[in-house]
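What follows is a set of notes on a single structure, which appears directly below.
Just so we're on the same page: letters track the sequence lines, and every chain starts at 1. Everything quoted here is computed from the prediction, not taken from an experiment.
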2 protein chains.
Amino acid sequence: MLTDTLRALGEPHRLQMLDLLRRGPLPVAEVGEALGLGQPQTSKHLRALREAGLVVAIPDGQRRLYSVRPEPLRELADWLETYRSVLATNYDRLDTLLARFEDTE
Amino acid sequence: MLTDTLRALGEPHRLQMLDLLRRGPLPVAEVGEALGLGQPQTSKHLRALREAGLVVAIPDGQRRLYSVRPEPLRELADWLETYRSVLATNYDRLDTLLARFEDTE
DNA sequence: AGGGTATATATCCGTCAAGGAATGTTTTGG
DNA sequence: CCAAAACATTCCTTGACGGATATATACCCT
């Protein structure tokens, strides 16, 4: 679900984690170290990402290599596509906005 | 901030609101009615969206017309772009993933 | 000016999520 | 088989959040 993806990434540490894993798979310890997180917190956040389908864990000896799973990101990209017309238009000047309102009124 | 955008949209009602406003500006009452929300709840969520910069309110008599502000969505799109290579690759079959690990090991 | 409408804000409550410390589990190495 | 390493899970506490109700504010109309 799109909402789950957004909620999972709405947490700063988890967003950083994904950005970190974007470069390639990493074990839990390195992820935690990179973000300055404790080991339990790291595992917890990785679990949240995993449950959102944003990440997969692959056993490698006594470690677990986490890597990005792109599916949810594709879904997010598809959703953003539906805003294509909105993104194209330059709505950001207030007067433009007001002008449009007067038109449609 | 990207996190704020994701966090704001991580709430199902707010995501629905944005999807609703994607078609064009609406007053609070119609937004609430469309989502089956009470008036205070509607205002509260719209405020959250507004504070995330995802929405603007324009006074129209005693009403306020809310509409989408594209800036944060552009930022989101830009962020997604950095995952372009990840999205392109077909990571989704587990064996493919494993094969890649064995390669890089 | 007054009454009604549309929206915003305040408050209370229940719930959930994040951080921290301790413990459990699996795997490796000897 | 035992001890240590790497993670996962649990429990606790605390702060934030969403829903509901009540109240305040702003605006229009007559």
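- For L49(B) and dG18(D), the CG to C1' distance is 14 Å, given to the nearest whole Å.
- The interatomic distance linking I58(A) (CD1) with dA8(D) (C1') rounds to 18 Å, in whole Å.
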Pair V31(A)-L21(A), side chain to side chain contact (heavy atoms under 4.5 Å, CB included): steps then yes or no: CA-CA 8 Å; V31(A) 174; L21(A) 296 176; 4.1 Å; yes

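- What you find for T5(B) and E75(B) is that their closest heavy atoms are OG1-OE1, 4.3 Å.
- The side chain of R47(A) contributes no N or O atom lying less than 4.0 Å from OP1 or OP2 of dA8(D).
- No engagement by G38(A) is indicated, since no non-hydrogen atom pair under 4.0 Å with the nucleic acid exists.
- Spacing between atom CG of L37(A) and atom P of dC7(D) amounts to 14 Å, rounded to whole angstrom units.
- Nearest approach of A52(B) to P72(B), heavy atoms of both residues: O-CG, 3.8 Å.
- In the interface, the side chain of Q39(A) is not paired with the base of dA6(D) through any donor and acceptor atom under 3.5 Å apart.
- Closest-nucleotide positions on DNA chain C for R7(A) and T42(B) were compared, and the one nearer the 5' end corresponds to T42(B).
- In this structure, R63(B) does not reach the dC28(D) phosphate: none of its side-chain N or O atoms is under 4.0 Å from OP1 or OP2.
- In this structure, K44(A) atom NZ and dC11(D) atom P are separated by 12 Å, rounded to whole Å.
- Residue Q16(B) contributes atom CD, which lies 14 Å from atom C1' of dG18(D) at whole-angstrom precision.
- When the C1' atom of dA6(D) is taken as reference, atom CG of D60(A) falls 11 Å away, rounded to whole Å.
- With sequence neighbours excluded, the residues forming a salt bridge (Lys or Arg N to Asp or Glu O under 4.0 Å) with E51(B) are R47(B), listed by chain and number.
- Distance, Q41(B) CD to dA22(D) P: 12 Å, rounded to whole Å.
- Remark: R64(A) is not in phosphate contact with dA6(D), judged by side-chain N or O atoms under 4.0 Å from OP1 or OP2.
- Taking 4.0 Å as the cutoff to heavy atoms of chain A, we find the contact window on DNA chain C bounded by dA17(C) to dT28(C).
- P27(A) comes within 4.0 angstrom of sugar-phosphate atoms only, judged by non-hydrogen atoms across all strands, and of no base.
- Between H45(B) and dG19(D) there is a side-chain N or O to OP1 or OP2 distance below 4.0 Å.
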